[in-house]
Amino acid sequence: MNGSTESTLRPMAESEYAAWVAAAIPDYAADKVTSGQWSAEASLELSWKEHDALLPQGMATPDNHFFTILDARSAPVGMLWFAVQTRFNARIAYVYDVGVRPERQREGHALRAFAALEDEVRKLGLAGIALHVFGHNTGARALYARLGYQPTNISLYKQLETVESGSQ
Ligand SMILES: CC(C)(COP(=O)(O)OP(=O)(O)OC[C@H]1O[C@@H](n2cnc3c(N)ncnc32)[C@H](O)[C@@H]1OP(=O)(O)O)[C@@H](O)C(=O)NCCC(=O)NCCS
C-alpha cells in the first residue's frame, strides 16, 4: 500500500463529475429502495431532487469538494465527495459519497483515501468527519468501524405482516 497521502486524492475533473452524476443518481435511488425508504417507481425522481438540492451549482457548489482517488501509479480508482457543514456544534467535513471501482476494491484504496481526507480536513481547520451509511452496506460499515468511526444515530425499522383485505 502506498503511504503517501498527497498523491491519493486529486480534484475531480468536469468529465469525471459528469460520469459520477450519471451513475450516482440511480445508485442512490437503488439504495433507498433496498433500505425500504422509497418506492422503486418514485426513486429516480427523488434521487435527482436530492442531488439538485445539495448541488445546485454542480461541482462548483460552494463548500463542496470532489476528489478522484488515485492508485500508486496515479490511475483513477474511485471518487470521494464531502461538504463543509456545521454538525455536532462544530465545522466538519460531511462525506456524501465515496466509491472505489468494483475491480479495484479490497486493495486498500478507501483506507488510503480516508487517511488523505483527514489531512485535507485538518488543512481546512475542520473538527472532524461525519457520514451516513445504509444498514445493508456491510462492507462500508466494516471499513468505517476499522477507521474508528462511531455510530451517532441508528435508525431501526421492522416490516409488519399486513392483514390482506380479502381475509377480514
Ligand atoms: C466501501 C468501499 C468504498 C470500500 O473501498 P475499498 O477500497 O474496497 O476498501 P479497502 O480496500 O480500503 O478496505 C479496507 C478494509 O475495510 C473493510 N472492508 C472494505 N470492504 C469490505 C467488504 N466488502 N466486506 C467486508 N469488509 C470490507 C475490510 O476490513 C478492509 O480490509 P481488508 O481488505 O484487509 O479486509 C467500496 O466497497 C465501494 O466503493 N463500495 C460501493 C460504494 C459504497 O458503498 N460506498 C460507501 C457509501 S457510505
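Counting starts at 1 for both ligands and their atoms, following the listed order. Residue numbers start at 1 and run along the sequence shown.
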Counting heavy atoms only, name the option from R101, R106, E107, R112 that's nearest to atom 25 (C) of ligand 1. R106
Shortest heavy-atom approach to atom 19 (C) of ligand 1 - which of G139, A140, P102, A142: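 It is G139 that holds the nearest heavy atom.
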Compute whether any side-chain donor of one residue and acceptor of the other, for Y96 and E50, lie under 3.5 angstrom apart. no
For residues F66 and F82, establish whether the separation of their ring centroids is below 6.0 Å. no
Aromatic contact between W81 and Y17, with the criterion being ring centroids under 6.0 Å apart: yes or no?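 Ring centres of Y17 and W81 not closer than 6.0 Å.
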Could you tell me whether E16 and R10 have a side-chain N and a carboxylate O separated by less than 4.0 Å?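 Yes, E16 and R10 are salt-bridged.
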Within the 4.0 Å heavy-atom shell around G99, which atoms of ligand 1 are there? 39 (O)
Within the distance-only criterion (no hydrogens, no angle test), does the side chain of [X] pair as donor or acceptor with the backbone N or O of [Y] below 3.5 angstrom?
X	Y	answer
R112	E107	no
Q85	Y94	no
D71	A75	yes
T61	N64	no

May I ask you to identify the nearest protein heavy atom to [atom], giving residue, atom name and distance to one decimal place in Å?
atom	result
atom 39 (O) of ligand 1	V100 N, 2.7 Å
atom 11 (O) of ligand 1	G108 N, 2.8 Å
atom 34 (O) of ligand 1	R146 NH1, 3.3 Å
atom 7 (O) of ligand 1	A110 N, 3.0 Å
atom 45 (N) of ligand 1	V98 O, 2.8 Å
atom 14 (C) of ligand 1	L111 CG, 3.5 Å
atom 16 (O) of ligand 1	L143 CA, 3.4 Å
atom 40 (N) of ligand 1	Q105 NE2, 3.6 Å

Does any part of the side chain of I25, heavy atoms only, come nearer than 4.5 Å to the side chain of L44, both counted from C-beta?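 Yes, side chains in contact.
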Ligand 1 contact by Y144, heavy-atom criterion under 4.0 angstrom: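 Yes, Y144 has a heavy atom closer than 4.0 Å to ligand 1.
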Ligand 1 contact by H132, heavy-atom criterion under 4.0 angstrom: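 True for this residue.
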Just to confirm, does any protein heavy atom lie below 4.0 Å from atom 2 (C) of ligand 1?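 No, there is none.
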